[in-house]
2 protein chains.
Amino acid sequence: MKQQGKKILIVDDEASIREMIAVALEMAGYECLEASNTQDAHSIIVDESPEMVLLDWMLPGTSGLEFARRLKRDDRTAETPIIMLTAKGEEDNKILGLEAGADDYITKPFSPRELVARLKAVLRRSTPAGIEDPITVEGLILDPVCHRVSANNAPLDIGPTEYRLLQFFMTHQERAYSRTQLLDQVWGGNVYVEERTVDVHIRRLRKALGSHHEHLIQTVRGTGYRFSTKAS
Amino acid sequence: MKQQGKKILIVDDEASIREMIAVALEMAGYECLEASNTQDAHSIIVDESPEMVLLDWMLPGTSGLEFARRLKRDDRTAETPIIMLTAKGEEDNKILGLEAGADDYITKPFSPRELVARLKAVLRRSTPAGIEDPITVEGLILDPVCHRVSANNAPLDIGPTEYRLLQFFMTHQERAYSRTQLLDQVWGGNVYVEERTVDVHIRRLRKALGSHHEHLIQTVRGTGYRFSTKAS
DNA sequence: CGTAAGTATGACAGATATGTGACATCTGCT
DNA sequence: AGCAGATGTCACATATCTGTCATACTTACG
């Protein structure tokens, strides 16, 4: 059986651009869906469940930015990765795009190769195979489904970033990671943030874990941090 | 010990711009090299092997684009990452730049922070860390992945320099090294440090290893030290 | 033996790395 | 507009590491 290409939805109001992208993706083995406005896009996403949405920044009516936010708020569509397409000069908005829930952004004009490369990268990151089971370490439970953390049956008050950080650590125990690696893995590759920011979030995470579990987050001096059940 | 800054070559025909960039990078801990034309740039790249080239798009004589292509064709220089500096309005050429082999591009004017951030991102991508396996000797385990040393399953408290020293010894067993060689290998070639300093760190390492394993570090009188399982 | 060169060791002050609290900004919500 | 939660940065406090000395040992050798 021929491998079923993954479905990619292209949302752009210019038909020529949609077509160009569609051709590039189809050559790379993907199946393309197209929408010229957010209404169509929304119903396609709900009906067809594409693996990914390529979303133009500028759209008539609801802007791409706003649409992305909306998608992330809706449970039915929140899991679908989004790559924002921004035109030149709008680049400063990339941060907005990422914070709105986009998983990556790409600036027009772009080469087909670049598009496909990023698309693959995002798909790779966001294909959660079996990451659905809760992880437990010394009474500390992280439940990816409920998106909650609890210690000894008591829910923990933990922020989004701390949650992702903890999830990363709990799924990559024992190994030491540099601040840079953590930024790549937890914050996402294309976010430019000071390395020391990691320290602050480590601190917040430790605080949230409380004296009972903070020892799990170990400092590896001169290198970074590590999640380990063994004493350091 | 201050980390040795990575060398960055700045290629731009305007001295003022080079200077501005150099200041920004040096504040971020990089060492800067400068060239105003592609000829100088080429010899610097070959001679100094900088970790990265910041290449202006517009250059007298050979254009930055052409130069980038040339670098990628030469085995000696093909591995060096390139960030293209393009002026506003030249952005449409981004595709050409990327296809010519540039690893990223940045549009002037840009903030120092943005430059440093992208530079780090590119360096990160292009410096893949090798995977290493743990080394075990008589119950002494050094695990590069966890960045941890343990003796008989008990973690050892060991400082960064001692760690590097031990790692070097465990990957180069049975052979005697002079203090100078150790300084080169463990401290990194171009540091100005007393030879006696090696003695002190050897001492610290032995202490950390404890009576159980300190015999592995042997003194070779008149020469230096050796890591060996055999008695001396 | 005695001496000189080679090493080991403990102490230190300066240099680095990390921990922490505070703050300005931004977003989403009311 | 106003509030509450999150985030990224700073500046300052701590903690830990590093390179050098001065001094005590060891060893080789006349």
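Numbers restart at 1 for each chain; the letters A, B, ... are given by sequence-line order, proteins then strands. Bear in mind that the values here come from a model prediction, so they are computed numbers and not experimental data.
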For A:E162, which contact category applies under a 4.0 Å heavy-atom criterion: base, sugar-phosphate, or nothing?
sugar-phosphate

Taking any heavy-atom pair under 4.0 Å as a contact, classify B:R196: base, sugar-phosphate, or nothing.
base

Spacing between B:D157 atom CG and D:dT16 atom P, to the nearest angstrom:
9 Å

Checking all strands, does A:V198 fall into the base, sugar-phosphate, or nothing category for heavy-atom contacts under 4.0 angstrom?
nothing

Taking atom P of C:dT7 as reference, at what distance in whole Å does atom CD of B:E214 sit?
18 Å

Using whole Å, report how far CG of B:L205 lies from C1' of C:dT7.
16 Å

From CD of A:E195 across to P of D:dT7 the rounded distance in Å is 19 Å

Check B:E34 with B:R18, please: is the shortest side-chain N to carboxylate O separation under 4.0 Å?
yes

Considering every strand and a 4.0 Å limit on heavy-atom distances, what is the contact class for B:R204: base, sugar-phosphate, or nothing?
base

Picking from D:dG8, D:dC17, D:dG19, the nucleotide nearest the side-chain atoms of A:H201 would be D:dG8

Taking the side chain as every heavy atom from C-beta outward, state whether A:L142 and A:Y163 have any pair of such atoms under 4.5 Å apart.
yes

A:D199 has an atom CG; how far is it from atom C1' of D:dT7, in whole Å?
15 Å

To the nearest angstrom, the CZ-C1' distance between B:R221 and C:dA5 comes to 7 Å

Between B:R148 and A:E174, is there a side-chain N and carboxylate O pair less than 4.0 Å apart?
yes

Would you mind classifying the nucleic acid contact of A:T161 as base, sugar-phosphate or nothing, using non-hydrogen atoms under 4.0 angstrom?
sugar-phosphate

Value in whole Å for how far the P atom of D:dG19 lies from CH2 of B:W187:
6 Å

Is it true that A:K7 and A:E48 have a side-chain N and a carboxylate O under 4.0 angstrom from each other?
yes

Within the structure shown, what part of the strands sits under 4.0 Å from A:T219 by heavy-atom distance: base, sugar-phosphate, or nothing?
sugar-phosphate

Base, sugar-phosphate, or nothing: which does B:Y225 touch, judged by heavy atoms less than 4.0 Å apart?
sugar-phosphate

If you count every heavy atom of other residues, nucleotides or ligands that lies below 6.0 Å from A:H215 atom NE2, does the total exceed 12?
yes

Atom-pair distance (CD1 on B:I202; P on D:dC25), nearest Å:
22 Å

Nearest to the B:R179 side chain among C:dT18, D:dT18, C:dT7, which nucleotide is it?
C:dT7

